[in-house]
Amino acid sequence: MSTSARYWREIPQRYRYEASKCKGCGAVWFPPRLICAECGKREFEDVTLSNTGKVQTFTVIRVAPNEFCDESPYAIGVVELDDGVMIQCQIVDCLPEEIKTGMPVKIEFRKVKQEGQAGIINYGYKAVPAA
Amino acid sequence: MVDVAVIGVGMMKWGELWDKSLRAVFVEAALNAIDDAGVDRIDSMYVGCMTSGLFTGQEHLGALMADYLGVCPIPATRVESACASGGIAFRQGLIEVASGMSEIVLVGGVEKMTDVDGGGATYALSTAADQEYEDYNGVTFPGLYAMMARAHMEKYGTTRKQLSEVAVKNHDNGSKNPNAQFRMKLTVDKVAGSVMVADPLTILDCSPITDGAAAAIICPLETAKKISKKPLVRVTGSGQATDTIALHQRKDVTWLAAAEIAAEKAYKMAGVKPSDIDLAEVHDCFTIAEICAIEALGFAEKGKGGPVSENGETAIGGRIPINTSGGLKSKGHPVGATGVAQICEITEQLRGESGERQVKDAKRGLTQNMGGTCASSVVHILEVA
Amino acid sequence: MAGIVGYGAYAPKYRIKVEEIAKVWGADAPSYKRGLMLREKSVPAPDQDVITMSVEASRNAIKRAGIDAKKIGAIYVGSESHPYAVKPSGTVVAEAIGATPDIHCADFEFACKAGTEGMFVALSLVEAGKMEYALGIGADTSQGAPGDALEYSASAGAAAFIFGKNDTVAEVEHTNAYMTDTPDFWRREYMHYPRHAGRFTGMPAYFKHVTGAATALLEISGTKPEDFAYAVFHQPNGKFPTTVGKKLGFKPEQIETGLLCPRLGNTYSGSSPMGLTAVLDVAKPGQLIFMVSYGSGAGSDGFIYRVTDRISKVQDLALKTTDYLDRETIQLDYGTYAKFRGKIRMSE
């Protein structure tokens, strides 16, 4: 069994959407990187991602990994946030058949999975239809 | 750089090999390759394998396979690049022979996938994606390719029927391959109507869970001329490239940039262009993957992989036969073995040994193998010497 | 004077109707609906718990407060359904809103009163000058045993309040509390569902404590029911707050704005706090709000708020409580509800 450290160290991204913006070319990296893959610069400023965006593509997982079996079917999509950053996350609070490419969404704080009945709960971000 | 030839290939019947262990599967294919080459020694070996640790608990495959192949103390190296492990192992062997460091090299690929249940296999395969920013959310490989499929369908008008045609064609080819796992023929309706795995992909859009291995023996072309009794097949092009590990970080999720760049390098090295290729084995882990791959390789225009697959151009007898072996879809996809098995198929085709599925006058073939959502890809070009 | 500088609520999107539950247990839906004055209740999605709803409610509160979350000196999450038996909810909320590490956190539990308890302590620390801002949250994903009367009402929701001394939207003019040892409802460790004492939960429990706190609050503040624009009481069902309000001399129009139970169910620790958010969403400067919570075991906290001029500037800065109630909901059948709430025994 893995320790909690692996989950814990991603908290700034999973909870607060902290990203890094390259001081050279302005590219925004999520999760943050040590070197910009666009221009090679190594200096960044901290930025927080936008919490609204649009669905770029999606699927409905009907055969799920063991940890997610109880939740299937569930939708997962690629979301382009309003600041242009692409993330992948589940799309919830709607029926799978209601999801459309281009649909505006909002990011909410949700439980993503749990490490068994006795393990820690893993939180993170999911997209919900924008009100 | 030394010119390199493939002098032996070894396949075996793939499938759910309940009575065969990881090592037994590998050694069977390796011995077939050694017998096919007719060599009495090998100087170095490579083992392509994605994740034997997760599938069986066994790592350290270089030593294990050298031991059970009875070739200790030769150097034996495992290569991992997810589902491209086999193809990239072949490239490493190629580099070793081309450099002059070794003369006769065995390259094998293996995966024993049925020692875990379906959930375990889904998990093991998912480790090829970004664990923290893709898998964390519950995505699966069918799910990732399904997102590529939806994007391709919405961007280019690719249809459900066109996806199905890929599966139908590959099963037609696989029905003629005695080593293939699933030799039944399919219809477009059967593919579209089978159980949904990740919308819009059904179970018959997906390659199966397979136990299997494949192996090839390579050596300098000059050595081959002396020792080989088979028609000579030369490796004229090799290219490898990478892309972002996470699908969502790509500028265009429908475009396999790593495959395109790997192919460009291989074409350049071989001094040929896509229209010079007589047949190709491409990485059809899902039906959409073949559609995207033939675009990236230049066999179809961007966005036209669907119509090209539908109108018969990729069938045996068509303009550019794709996956004459049955591909990953029908032949099976023991992930680490797939890239090597592609080399086996092209070699046999160029030698004219493919029986019912033989492509007439095949002189030059291409293989394309990829890992993850094409975060890594490797392309080889083989020619009749 | 200290008061609320920002507030926010959150309710899940899923609902189940009284009829759907009654059908499974062979119960008479019309009499339950009449008796409880309740039509449907909210149900948390499988990926929602007290922590996730607290985070969303707190984010709404921060938007209205317009403050840097780093300035919040304490977070108190009141709930009877904290996701962990041991591990604080407050630290997760603090981390998610960006308020760590210079912050004090505690999780409160007092049946349905835990939310106002958190508010009470947060307010007191601000009043004492220990910190500039403090956040009090009431949230629950309550469970009633299958077939029990509580199953019709036990629902999910959250409300969050940031207290401070400057730029308040509602000043807290008076508070009081009224407690006794009254075993009307409880849940022992390791038990999945709570137990309750039937009709004993009424007169000697809910009514005695709410009336006790309310009467004292009116007395110490020198106010009369007619001085208030709104009154919010704990809402275990629709009937109790209506009855107690009438008994105390409040008119139905003073109570109805904050009475969310008929369409939301009993959000336990979120109950009267969410009622307060619904009132603040429409309140006008100068209005007085009367609030009394109730928690089994048993006790009530009372608050009198005076709405300030700033209220009209913040009401539209975040989703309103009625936005969460009026948005298109997803109705569940009992089977899906049972799956969502972990009531089905799964393969181990």
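The structure presented is a predicted model; accordingly, all values stated were derived computationally and were not measured.
Rounded to the nearest 0.5 angstrom, A/Met86 CE and B/His248 NE2 are separated by 9.5 Å. Put simply, CE on B/Met196 and CZ on A/Arg62 are 6.0 Å apart, with the number rounded to the nearest 0.5 Å. Here the CE atom belonging to B/Met153 is positioned 10.5 Å from the OG1 atom belonging to A/Thr57, to the nearest 0.5 angstrom. Remark: B/Arg150 CZ to A/Gln56 CD distance equals 13.0 Å, nearest 0.5 Å. The distance from the OH atom of B/Tyr136 to the CZ atom of A/Arg14 is 4.5 Å, given to the nearest 0.5 Å. The CD atom of B/Gln131 sits 5.0 Å away from the CZ atom of A/Arg6 when rounded to the nearest 0.5 Å.
Within a 6.0 Å radius of CG in A/Leu34, no more than 12 heavy atoms belonging to other residues, nucleotides or ligands are found. Dense packing is recorded around CD of A/Glu97, with more than 12 heavy atoms of other residues, nucleotides or ligands lying under 6.0 Å away. Remark: A/Arg33 CZ is packed, more than 12 non-hydrogen atoms of other residues, nucleotides or ligands lying under 6.0 Å away. Counted within 6.0 Å of NZ on A/Lys106, heavy atoms from surrounding residues, nucleotides or ligands total more than 12; the atom is thus considered enclosed. Around the NZ atom of A/Lys21, the shell of radius 6.0 Å holds no more than 12 heavy atoms that belong to other residues, nucleotides or ligands.
Interface remark: of the candidates A/Cys89, A/Pro31, A/Gly124, A/Ala64, A/Pro31 forms the most heavy-atom pairs closer than 4.5 Å to chain B. Looking only at heavy-atom pairs under 4.5 Å with chain B, the residue among A/Val78, A/Val112, A/Val85, A/Val79 that has the most is A/Val112. Highest contact tally toward chain B, considering only A/Gln90, A/Lys126, A/Glu71, A/Gln88, is held by A/Gln88 [criterion: heavy-atom pairs under 4.5 Å]. The choice from B/Val197, B/Asp135, B/Leu201, B/Thr122 that makes the most heavy-atom pairs within less than 4.5 Å of chain A is B/Val197.
One N or O on the side chain of A/Tyr74 and one on the backbone of B/Gly138 form a donor-acceptor pair closer than 3.5 Å. Checking side-chain atoms of B/Asn137 against main-chain N and O of A/Ile76 turns up no donor-acceptor pair under 3.5 Å.
At a 4.5 Å heavy-atom cutoff, the contact between B/Glu134 and chain A is made by backbone and side-chain atoms alike. The contact between B/Leu144 and chain A is made entirely by side chain atoms (from C-beta outward), counting heavy-atom distances below 4.5 Å. If you measure heavy-atom distances from B/Lys251 to chain A, the contacts under 4.5 Å come from the side chain alone. When heavy atoms are compared at a cutoff of 4.5 Å, B/Asp117 approaches chain A solely by way of its side chain, counted from C-beta outward.
Nearest heavy atoms, B/Ala146 versus A/Thr59: CB-OG1, 3.2 Å. Between B/Thr140 and A/Pro65, the shortest heavy-atom contact is CG2-CD, 3.5 Å.
In this structure, a donor-acceptor pair under 3.5 Å is absent between the side chains of A/Glu67 and B/Tyr123.
Taking the six-membered ring for Trp and thresholds of 30 and 60 degrees, A/Phe30 and B/Tyr133 have ring planes more than 60 degrees apart, a perpendicular arrangement.
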